[in-house]
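Below is one structure; the comments refer to it alone.
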Amino acid sequence: MIAPLALSLLVVQAPHPVDLVAARALVARVVPGSASRFEVAAIPDSAGLDAFEVESNGPKVILRGSSGVAIASALDWYLEHVAGVNPSLPLMSIALPSTLPPVPAPVHVVTPYRVRYFFNYCTFSYSMAWWNWHDWQAMIDWMALKGINAPLAVTGQEAVWRQVLTDFGFSRKQIADFLVGPAYFPWGWMANIDGLGGPLPDSWIDSHITLEKQILARERSLGMTPVLQGFTGHVPKSITDVIPGTTIHQTGDWSAGFSGTWFLDPQDSLFQRMGKRFVERQTELFGTDHLYAADPFNEINPPSNDSTFIARMSGAIYGAMRSADSAATWVLQGWFLYYQARFWRDPQAQAFLGAVPDSHMVVLDLWGDRYPVWRARRAFYGKPWVWNVLYNFGGKVSVNGDLPSIAANLDSVLSSEDRGDLVGLGKTMEGLGTNPVVPDFVMDQTWEARVPAIEDWTRDYVARRYGAADSSAWHAWRILLATAFRSAAETGDFLAERPGFYVKGTAYRSEPLAPYDPRLLAAALDTLLQAAPALGANDAYRYDVVNLTRQVLGQLAVPFVDSVRDAFERKDRPALSRAEARVTGLLGDLDTLVGTRREFLLGRWIAEAKRWGTTAAERRLYQWNARNIITLWGEKCTEGQNDDLNLYAYKEWQGIFGSYFLPRWREFFRRLDRSLATGVPFDRKPFAADMCRWEQNWSRDTAAYPTEPSGDPVRTARRLAAKYRGWLH
């Protein structure tokens with residue numbers, strides 16, 4: 001047996017009475033047709049750990065919990081283990097039979113984790129940039145079902161900044177130059193950039209005060225302890241004009257040449273005054289649960305590696321929190337200890353962490369499933385810490401997720417005598433939605449004392465996901481477990497790249513070559529499609545069919561482009577024309593395929609951005625943000641390969657295939673053909689420069705795209721699988 005996790009002195013939140021009204025309302029939202037057949041009740045926690053119970057009482061099911069989250073988790077347990085239903089993202093209401101299946105025997109479950117954390121700052125951009133209350137309500141319900149009690153809750157931070165900077169005498173223009181646009185908030189909060197995507201309208205700030213209040217009220221009503229923002233010292237460069245004599249420092253440059261940002265010297269008295277005011281203004285707007293996220297050196301190095309300076313910086317950040325809130329606890333992403341390991345040696349890391357009392361800091365081991373920093377940093381030198389799974393970088397569309405590594409790394413930390421003060425687990429994905437199996441598996445561990453065998457858990461999961469066990473579907477998933485779901489690589493489509501011939505050994509954003517035999521993935525698709533007569537009406541099955549077909553067809557991109565190169569090098573214009581037609585035809589077919597599902601619609605992403613605009617100018621600004629973040633990622637555009645953030649968050653969506661990828665490849669082919677016709681060698685450098693300008697113009701475009709899916713997903717997938725079968729096997 002795995003020994004129980006040590007209980008830290010960390011106080012996540014003092015116990016509050018369970019809000020049974022909020023719990024009943026959640027049940028009514030999740031199972032609207034059956035809510036009256038569930039009863040909810042409160043029970044004590046178990047030595048500070050959440051607990052739930054489930055049992056039948058005649059025709060009714062009783063859900064008891066030590067918090068609203070625990071009661072929701074009791075419902076989730078019933079749905080999964082008794083009703084055979086899987087609540088996945090995006091959460092939709094669930095229909096149950098008129099007579100509820102009885103619970104075979106009463107159950108009592110206690111979580112081993114005090115803290116169940118959720119979200120990455122990046123999620124607020126790559127997936128949630130344009131969410132309204134309807135979107136958030138479903139997300140919070142899913143989090144409660146999965147036992148999450150400490151979500152990052154930083155919507156509306158721009159309102160806090162507006163007020164604080166106004167208090168200290170900044171002009172409207174100076175504030176506007178500092179705040180970033182909606183698609184880039186995470187990197188403004190983490191001090192990586194200033195101003196990009198702005199100026200931010202007051203209407204956005206005001207509307208998101210309201211939204212954040214709704215989010216926090218719902219999370220708190222269910223017993224969650226939201227993590228709000230702390231002050232890191234990041235300030236506008238113009239602070240020296242507003243408050244002469246202020247001492248500031250510039251960080252090192254961030255990714256792709258973004259210039260370093262500015263922060264207050266930790267010994268400048270303004271640091272404490274501004275940091276205290278930040279927490280006070282935030283508390284006035286949104287209340288507090290005493291947990292504050294603050295990440296001053298995310299992927300950027302401090303100006304000095306002197307341990308004394310670093311300790312002062314950390315102490316200043318914590319001191320500013322504590323001066324406004326004596327119960328403040330700092331929630332710190334440990335990403336910098338992995339990403340900038342060359343800078344953060346033991347002396348620097350110990351100085352930074354050691355400046356804060358152990359009981360007032362929680363460290364998130366952000367990529368614990370793959371690169372467990374807790375081992376290298378001796379369980380963070382005694383700090384309470386949370387093991388997390390990080391995946392879906394950039395919110396890319398890819399069938400992948402290394403489930404065996406996730407399970408093995410969690411098992412290793414739970415079994416280790418050196419794990420220190422492990423207090424929780426969490427999920428810190430950059431994007432949501434592409435592979436629901438990954439967050440479902442991770443958060444299912446909230447209530448488990450030991451990690452289950454992946455194949456056993458997945459067999460049950462697939463039956464729940466599709467509403468019934470099916471031998472063909474399970475055979476397909478067994479192949480997936482041996483290929484895509486053993487892969488950390490976000491294998492994508494080479495046709496997303498700025499056009500050119502594939503160069504072996506080059507690191508491409510699209511990661512176009514799978515680390516497994518793509519023919520196996522094609523075999524999984526064939527087998528999954530065989531389940532269509534039995535499962536074709538199931539929405540999750542229809543989504544999986546489209547997503548897997550997209551992944552399988554995307555693996556044809558490199559060989560198809562290779563055939564273009566072969567024809568070009570032979571100077572065979574008829575063969576070149578045929579090879580080019582295969583590429584453009586594939587792009588058109590992919591556009592049609594993903595257009596059958598709302599999850600893959602560019603038009604929906606843009607429409608959701610524009611709906612926040614109150615004027616035509618605001619709608620144009622938000623549309624630029626929405627288009628740019630998923631393509632160029634910023635105003636900079638260079639001709640080289642991966643020397644900027646271009647395509648970091650690219651999407652394989654309907655509208656992107658057709659309006660962004662396809663025109664660039666057509667122009668590339670036009671220039672290849674002209675080269676053969678004229679005898680003038682093709683020069684990719686001017687072509688790449690022209691594409692940079694074209695891509696920048698695409699970000700500024702305002703063309704509309706479909707916001708509703710079209711066509712039958714399974715029928716379309718079958719047709720395309722048959723069309724390309726000769727190339728797939």
Side-chain angles (χ1 to χ4, degrees), residues 397-399 491-504 506 508-514 517-526 529 545-596 600 647 650-677 682 684 687-688 691 694 711 715-729:
V397 181
S398 173
V399 178
T491 304
D493 191 328
F494 181 67
L495 299 180
E497 301 286 344
R498 190 171 293 145
F501 296 134
Y502 177 78
V503 179
K504 188 176 181 180
T506 300
Y508 291 101
R509 289 274 186 218
S510 61
E511 299 184 68
L513 297 185
D517 187 343
R519 292 173 296 184
L520 292 174
L521 210 65
L525 174 59
D526 286 344
L529 286 170
V545 162
V546 170
N547 200 22
L548 183 55
T549 305
R550 177 205 52 74
Q551 185 86 2
V552 168
L553 296 186
Q555 289 297 282
L556 295 174
V558 170
F560 277 17
V561 172
D562 282 348
S563 70
V564 173
R565 177 172 53 195
D566 291 343
F568 179 71
E569 291 176 348
R570 296 195 316 270
K571 297 182 170 51
D572 186 339
R573 291 182 72 191
L576 179 66
S577 179
R578 291 191 298 270
E580 292 170 350
R582 279 195 293 272
V583 173
T584 57
L586 177 61
L587 282 166
D589 285 338
L590 284 165
D591 205 62
T592 298
L593 171 72
V594 295
T596 64
F600 301 126
L647 291 181
Y650 86 93
K651 303 292 189 280
E652 295 186 21
W653 287 347
Q654 191 276 333
I656 292 284
F657 281 114
S659 79
Y660 195 75
F661 302 158
L662 181 58
R664 297 185 306 167
W665 282 96
R666 280 181 170 154
E667 177 61 17
F668 177 65
F669 296 150
R670 189 183 71 80
R671 297 195 187 195
L672 291 182
D673 185 70
R674 185 175 66 189
S675 172
L676 293 186
F682 171 71
R684 189 174 182 277
F687 166 75
M691 287 301 97
W694 185 92
R715 203 160 29 238
T716 303
R718 274 179 159 166
R719 176 177 63 81
L720 294 178
K723 176 179 178 179
Y724 290 97
R725 183 161 282 112
W727 285 288
L728 294 172
H729 295 278

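These numbers come from a predicted model, not from an experiment. One-based numbering along the sequence shown. When reading the values below, keep in mind they use all heavy atoms of this one structure, side chains included, and skip hydrogens, waters and symmetry mates.
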Distance-only donor-acceptor pairs under 3.5 Å for side chains of residues 573-580, two or more places apart:
{"residue": "R573", "atom": "NE", "partner": "D673", "partner atom": "OD1", "Å": "3.1"}
{"residue": "R573", "atom": "NH2", "partner": "D673", "partner atom": "OD1", "Å": "3.4"}
{"residue": "R573", "atom": "NH2", "partner": "D673", "partner atom": "OD2", "Å": "3.0"}

Open item on the list: For the backbone of A581 and the side chain of T584, can you confirm whether one donor and one acceptor N or O come within less than 3.5 Å of each other?
Closed with: yes
TODO: Hey, could you give me the CG/CG distance between L720 and D589, rounded to the nearest 0.5 Å?
DONE: 5.0 Å
TODO: Write down the atom of H729, the atom of A523, and the distance for their closest heavy-atom approach.
DONE: CE1-N, 4.0 Å
Task: Side-chain donor or acceptor of Y508 paired with backbone N/O of V503 under 3.5 Å - done: yes
- [ ] State plainly whether the residues D493 and R550 are in salt-bridge range, i.e. N to O under 4.0 Å.
- [x] no
Task: Nearest heavy atoms of V545 and A717, plus distance in Å - done: CG1-CB, 3.4 Å
Open item on the list: What I'd like to find out is whether the side chain of E652 reaches to under 4.5 Å of the side chain of L590, using heavy atoms alone.
Closed with: no
Task: For Y650 against G492, the heavy-atom pair lying closest together - done: OH-CA, 3.4 Å
Open item on the list: Rounded to the nearest 0.5 Å, what separates atom CG in L495 from atom OG in S510?
Closed with: 8.5 Å
- [ ] Flag the pair F600 / N547 as yes when at least one side-chain heavy-atom distance between them is below 4.5 Å, and no otherwise.
- [x] yes
Open item on the list: Holding to salt bridge (charged side-chain N to carboxylate O under 4.0 Å, His left out), I want the full list of residues that pass it with R570, two or more places apart in sequence or in another chain.
Closed with: D572
Task: Over all atoms of both residues, closest heavy-atom pair of L586 and L556 - done: CD2-CB, 4.1 Å
TODO: Could you check if a side-chain atom of P499 sits within less than 4.5 angstrom of a side-chain atom of F669, using non-hydrogen atoms only?
DONE: no
Open item on the list: Let me confirm one number: the NZ-OG distance from K571 to S675, rounded to the nearest 0.5 Å.
Closed with: 7.5 Å
Open item on the list: Less than 4.5 Å apart, side chain to side chain, heavy atoms only: is that true for F494 and L513?
Closed with: no
Open item on the list: So, using ring pair (Phe, Tyr, Trp, His ring centres under 6.0 Å) as the criterion, who are the partners of F668 when residues are at least two apart?
Closed with: F501, W665, F682, F687
Task: Contact summary for R498 and R664, nearest pair of heavy atoms - done: CA-NH1, 3.7 Å
Task: Parallel, tilted or perpendicular, as decided by the 30° and 60° cut-offs, for the rings of F560 and W727 - done: perpendicular
Open item on the list: Quick check for you: to the nearest 0.5 Å, what is the distance between L548 atom CG and L553 atom CG?
Closed with: 9.5 Å
TODO: State the OG-NZ distance between S398 and K651, to the nearest 0.5 angstrom.
DONE: 12.0 Å
Task: Nearest-0.5 Å distance that lies between atom CZ in R671 and atom CG in L676 - done: 15.0 Å
- [ ] Mind listing the closest non-hydrogen atom pair of P512 and V558 along with its distance?
- [x] CB-CG2, 3.9 Å
TODO: Specify whether F657 and F661 have parallel, tilted or perpendicular ring planes, treating 30° as the upper limit for parallel and 60° as the lower limit for perpendicular.
DONE: perpendicular
Open item on the list: For a 4.5 angstrom cut-off between non-hydrogen side-chain atoms, does T592 reach R719?
Closed with: yes
Open item on the list: What I'd like to find out is whether the side chain of Q551 reaches to under 4.5 Å of the side chain of T491, using heavy atoms alone.
Closed with: yes
Open item on the list: Closer than 4.0 angstrom, basic N to acidic O: yes or no for E667 and R670?
Closed with: yes
